[in-house]
Amino acid sequence: MTPDSDRFLASLHALRAIGAVGTGVVRPAYSDTDIEARKWLAEQFREAGLTPYFDPVGNLFGLAGDGPSLLMGSHSDTQPEGGWLDGALGVMAALEIARASKEAGGPPISVVSFQDEEGRYGVTTGSTVWSGGRSLEEADKLNASDGTTYAEGRARMADLVSGDFLDPSRFTGFIETHIEQGPYLDTEGEAVGVVTSIVGIRNMQITFTGQSNHAGTTPMHLRRDAFQGLVEFAARLNVRFAEVVRPETVWTIGHVALTPNGASIVPGKAAFSMQWRDGDPQRLNAMEAIVRTTAEEVTRERGLELDYGPLLGLEPVAMNDRLQQALADAAEAEVPGRWRRMPSGALHDATNVARHMPVAMLFVPSINGISHNFDEDTDEADLVTGLKVLARAVSSLSG
């Protein structure tokens with residue numbers, strides 16, 4: 001199997017042009033640009049001899065015949081201000097491997113672009129629903145930050161749906177290629193990373209409700225200031241987490257909405273996201289207990305009301321030994337001594353797919369470790385190296 005690196009890069013840049021904003025890309029799930037990209041991908045699949053198939057939530061598969069096949073891919077939706085490679089690399093690398101394998105008379109390779117991996121409505125929503133991690137009925141109630149529901153989002157693609165959800169048993173395994181989204185490969189001058197495991201994640205919305213009032217006439221000791229409650233919550237949380245976390249553990253309050261959000265009004269409501277990640281399920285649970293205890297203490301002391309949204313999350317997942325070793329052997333053959341085994345601190349669709357089949361992941365460097373940002377980039381030579389490692393590994397698996 002000999003992949004065409006020029007064809008691969010040209011396809012990757014063609015996808016980049018859909019939703020391009022400066023050096024980045026804006027293709028949030030179910031947006032006009034996201035749907036345009038999926039229609040374009042469907043045509044690319046068709047030209048490669050694959051059968052395009054949209055399931056009820058907009059996951060797009062390129063199927064290699066009716067029999068068993070290896071599934072490869074990632075996602076093509078982006079963050080609100082995303083990079084051009086996050087997700088897209090895995091889809092287009094998979095498509096090139098599918099093309100090359102077909103041209104060489106090799107094994108059948110199917111391709112997938114999962115929908116809403118970036119979590120506009122949840123956490124890796126499309127692959128979570130497809131894999132059975134969340135029912136469609138439950139997912140339809142999820143809300144985006146703009147107030148729209150998942151049901152409303154997927155309704156925008158209803159005319160493209162090919163049929164019901166595909167049976168995962170038709171696929172023999174799943175390999176996802178991705179940029180590292182971190183600094184380690186770039187800092188050490190290494191070409192690829194073979195992923196050993198993916199961290200677990202917990203995510204929830206929390207709302208503190210107090211009382212809006214005049215910012216100039218309301219004495220400080222009489223205020224029920226929801227934002228001050230949030231500040232106190234964050235400060236206490238950092239102190240308490242320090243007792244249970246390890247250096248790899250991360251947590252983030254990434255989205256805050258104040259009501260009424262005026263300069264001269266005491267904030268009556270603070271709704272915010274609370275997310276934490278670690279590779280140990282017990283530590284994730286211990287952190288949840290700290291989140292809830294701290295929120296309850298702060299709101300009680302400050303006379304605020306407390307409301308939790310649904311707890312979303314995924315458990316840590318180990319990569320399959322056989323697939324992982326195939327990638328490792330291929331990496332050593334292509335770039336001897338310039339690769340490493342490493343965990344993934346970011347969440348990926350492979351976590352959900354692992355419920356049904358063996359999975360593995362391959363990383364390429366991110367320049368300066370930047371991702372989820374218009375400045376996200378990877379040297380094209382590293383993209384091609386990753387493609388060659390992937391092709392060698394897939395060839396070995398079919399031998």
Side-chain angles (χ1 to χ4, degrees), residues 27-32 34-35 38-39 42 52-61 63 71 73-80 87 112-171 174 198 200-207 255 257 271-276 281 284-285 288 291-292 306-317 347-357 359:
R27 287 196 304 262
Y30 303 117
S31 65
D32 290 343
D34 171 55
I35 295 172
R38 290 176 187 277
K39 289 179 178 178
Y53 189 98
F54 287 95
D55 73 13
V57 299
N59 296 322
L60 170 60
F61 293 83
L63 301 174
L71 182 65
S74 188
H75 63 96
S76 52
D77 64 303
T78 72
Q79 288 286 331
V112 64
S113 173
F114 286 112
Q115 179 58 290
D116 196 22
E117 191 274 351
E118 296 293 5
R120 181 183 177 190
Y121 293 90
V123 178
T124 60
T125 321
S127 59
T128 298
V129 174
W130 176 71
S131 65
R134 179 176 291 272
S135 72
L136 185 57
E137 292 73 21
E138 291 175 324
D140 276 344
K141 299 174 185 176
L142 296 172
N143 291 285
S145 59
D146 62 3
T148 61
T149 65
Y150 189 66
E152 291 171 330
R154 70 185 187 88
R156 302 195 72 232
M157 294 186 64
D159 62 320
L160 296 175
V161 174
S162 306
D164 204 354
F165 292 103
L166 292 172
D167 185 348
S169 67
R170 69 182 294 151
F171 304 115
F174 177 64
I198 302 174
I201 184 173
R202 300 288 187 271
N203 192 86
M204 67 160 60
Q205 277 290 122
I206 302 176
T207 302
H255 179 269
F272 58 96
S273 63
M274 183 69 233
Q275 184 185 106
W276 59 102
L284 290 170
N285 293 338
E288 179 189 350
V291 167
R292 293 183 184 275
L306 170 63
D307 181 65
Y308 297 112
L311 178 67
L312 305 176
L314 295 168
E315 298 303 311
V317 171
L347 194 63
H348 301 283
D349 288 309
T351 297
N352 295 310
V353 182
R355 294 189 178 100
H356 297 282
M357 66 192 76
V359 302

At what distance, to the nearest 0.5 angstrom, does [atom1] of [X] lie from [atom2] of [Y]?
X: Ile198; Y: Leu314; atom1: CD1; atom2: CG; result: 9.5 Å
X: Leu312; Y: Glu138; atom1: CG; atom2: CD; result: 10.0 Å
X: Phe174; Y: Ser131; atom1: CZ; atom2: OG; result: 11.0 Å
X: Leu311; Y: Met274; atom1: CG; atom2: CE; result: 11.5 Å
X: Phe272; Y: Thr207; atom1: CZ; atom2: OG1; result: 7.5 Å
X: Met357; Y: Leu71; atom1: CE; atom2: CG; result: 6.0 Å

Give the minimum heavy-atom separation between [X] and [Y], together with the two atoms involved.
X: Pro28; Y: Pro80; result: CG-CA, 4.3 Å
X: Ser31; Y: Arg156; result: C-NH1, 3.6 Å
X: Asp349; Y: Ser74; result: OD2-O, 3.8 Å
X: Ala29; Y: Tyr121; result: O-CE1, 4.5 Å
X: Gly122; Y: Thr125; result: N-OG1, 3.5 Å
X: Pro56; Y: Gly163; result: CD-O, 3.3 Å

Looking at side-chain heavy atoms only, is the closest gap between [X] and [Y] below 4.5 Å?
X: Asn143; Y: Gln205; value: no
X: Val57; Y: Phe165; value: yes
X: Met204; Y: Pro310; value: no
X: Phe171; Y: Val112; value: no
X: Ile35; Y: Leu160; value: yes

Check: [Y] main-chain N/O paired with [X] side-chain donor or acceptor under 3.5 Å:
X: Tyr30; Y: Glu152; result: no
X: Asn59; Y: Gly126; result: yes
X: Arg202; Y: Leu284; result: no
X: His348; Y: Ala350; result: no

Exercise. Step by step, work out the side-chain hydrogen bond (donor to acceptor under 3.5 Å, both in side chains) result for Thr128 and Asn352.
Key: CA-CA 6 Å; Thr128 298; Asn352 295 310; 3.1 Å; yes
Quiz item: How would you list all residue pairs meeting salt bridge (charged side-chain N to carboxylate O under 4.0 Å, His left out) that involve residues 115-136, not counting sequence neighbours?
Solution: Arg120-Asp146
Quiz item: Using the ring of each side chain (for Trp, its six-membered ring), is Trp130 parallel, tilted or perpendicular to Phe61, with breaks at 30° and 60°?
Solution: tilted
Quiz item: Does anything in residues 159-169 pair up under side-chain hydrogen bond (donor to acceptor under 3.5 Å, both in side chains), and if so which pairs, sequence neighbours excluded?
Solution: Asp167-Ser169
Practice problem: For the pair Thr351 and Thr124, evaluate side chain to side chain contact (heavy atoms under 4.5 Å, CB included) and give the outcome as yes or no after the intermediate values. | Solution: CA-CA 9 Å; Thr351 297; Thr124 60; over 6 Å; no
Quiz item: For Arg154, which of Val161, Leu136, Thr149 qualifies under side chain to side chain contact (heavy atoms under 4.5 Å, CB included)?
Solution: Leu136
Practice problem: In sequence, state the C-alpha distance, the side-chain angles, and the governing distance for Gln115 and Arg38, and then conclude on side-chain hydrogen bond (donor to acceptor under 3.5 Å, both in side chains). | Solution: CA-CA 9 Å; Gln115 179 58 290; Arg38 290 176 187 277; 3.0 Å; yes
